Amino acid sequence: MFRSVYLPEERNDFIWAVAGSPWGLLAIWLVLINLVTFFAFGIDKWKAKRKETREATRRVPEKTLFLLSALGGSIGALLGMKAWHHKTLHRTFRFGIPAILALQVAIPLGLWVWWNSIR
């Protein structure tokens with residue numbers, strides 16, 4: 001009596017394979033947080049230029065930029081620093097962001113080595 005309007009011919013499980021696994025969710029998170037961090041650096045640079053002419057412009061706090069980096073956006077932060085030429089003279093950013101990235105690589109690598117060989 002009722003016919004279905006849409007009858008798929010093949011099942012596409014790619015979305016479920018990516019979003020349904022912990023590694024897929026991690027990959028999605030890292031892509032999103034790095035994009036947000038990259039554009040946060042760009043927005044802060046734009047606001048820094050704008051603040052020269054308008055005093056009421058509120059910038060992105062440095063704590064927020066570091067928090068975004070610590071939450072997984074350190075690659076986006078480094079790319080944002082290079083692309084926007086922003087925060088490159090600040091020692092805390094010049095050394096802090098690469099240190100966060102080094103920790104984000106070293107900790108999982110160390111856990112992997114411990115889990116697979118030392119344990």
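Model, not experiment: these values are computed from the prediction.
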What distance do [X] atom [atom1] and [Y] atom [atom2] have between them, rounded to the nearest 0.5 Å?
{"X": "Phe66", "Y": "Lys87", "atom1": "CZ", "atom2": "NZ", "answer": "9.0 Å"}
{"X": "Lys63", "Y": "Leu68", "atom1": "NZ", "atom2": "CG", "answer": "13.5 Å"}
{"X": "Ile33", "Y": "Ile28", "atom1": "CD1", "atom2": "CD1", "answer": "14.0 Å"}
{"X": "Ile97", "Y": "Thr37", "atom1": "CD1", "atom2": "OG1", "answer": "8.5 Å"}
{"X": "Lys82", "Y": "His86", "atom1": "NZ", "atom2": "NE2", "answer": "14.5 Å"}
{"X": "Trp112", "Y": "Leu109", "atom1": "CH2", "atom2": "CG", "answer": "7.5 Å"}

Lys49, Arg50, Arg59 screened by salt bridge (charged side-chain N to carboxylate O under 4.0 Å, His left out) with Asp44, the one that passes:
Arg59
What do you reckon, is NZ of Lys51 surrounded by more than 12 foreign heavy atoms closer than 6.0 Å?
yes
Within one Ile-Leu-Val-Met-Phe-Trp-Tyr cluster: [X] and [Y], side-chain cutoff 4.5 Å:
{"X": "Val60", "Y": "Leu71", "value": "no"}
{"X": "Ile100", "Y": "Leu32", "value": "no"}
{"X": "Leu79", "Y": "Trp29", "value": "no"}
{"X": "Trp115", "Y": "Leu111", "value": "no"}
{"X": "Val36", "Y": "Ile43", "value": "no"}

Heavy-atom closest pair (Ala77 atom, Phe41 atom, distance to 0.1 Å) is CB-CE1, 3.6 Å
Considering non-hydrogen atoms only, spot the tightest contact between Thr88 and Met81 and give its length.
CG2-O, 3.5 Å
Expected output: side-chain Lys47 to main-chain Arg58 donor-acceptor under 3.5 Å
yes
Between the main-chain N or O of Leu30 and the side-chain N or O of Asn34, is there a donor-acceptor pair closer than 3.5 Å?
yes
Aromatic ring pairing Trp84/Phe39, orientation class (parallel under 30°, perpendicular over 60°, tilted between):
tilted
Checking Leu65 against Phe93 for the side-chain contact (heavy atoms from CB on, under 4.5 Å) test, could you report, in this order, the C-alpha distance in whole Å, the side-chain angles of both residues, the deciding distance, and whether it holds?
CA-CA 9 Å; Leu65 296 174; Phe93 283 91; 4.0 Å; yes
Could I get the full list of side chain to side chain donor-acceptor pair (under 3.5 Å) partners for Ser74, not counting sequence neighbours?
Gln104
Would you please name every residue forming a side-chain contact (heavy atoms from CB on, under 4.5 Å) with Val113, sequence neighbours left out?
Ser117, Ile118
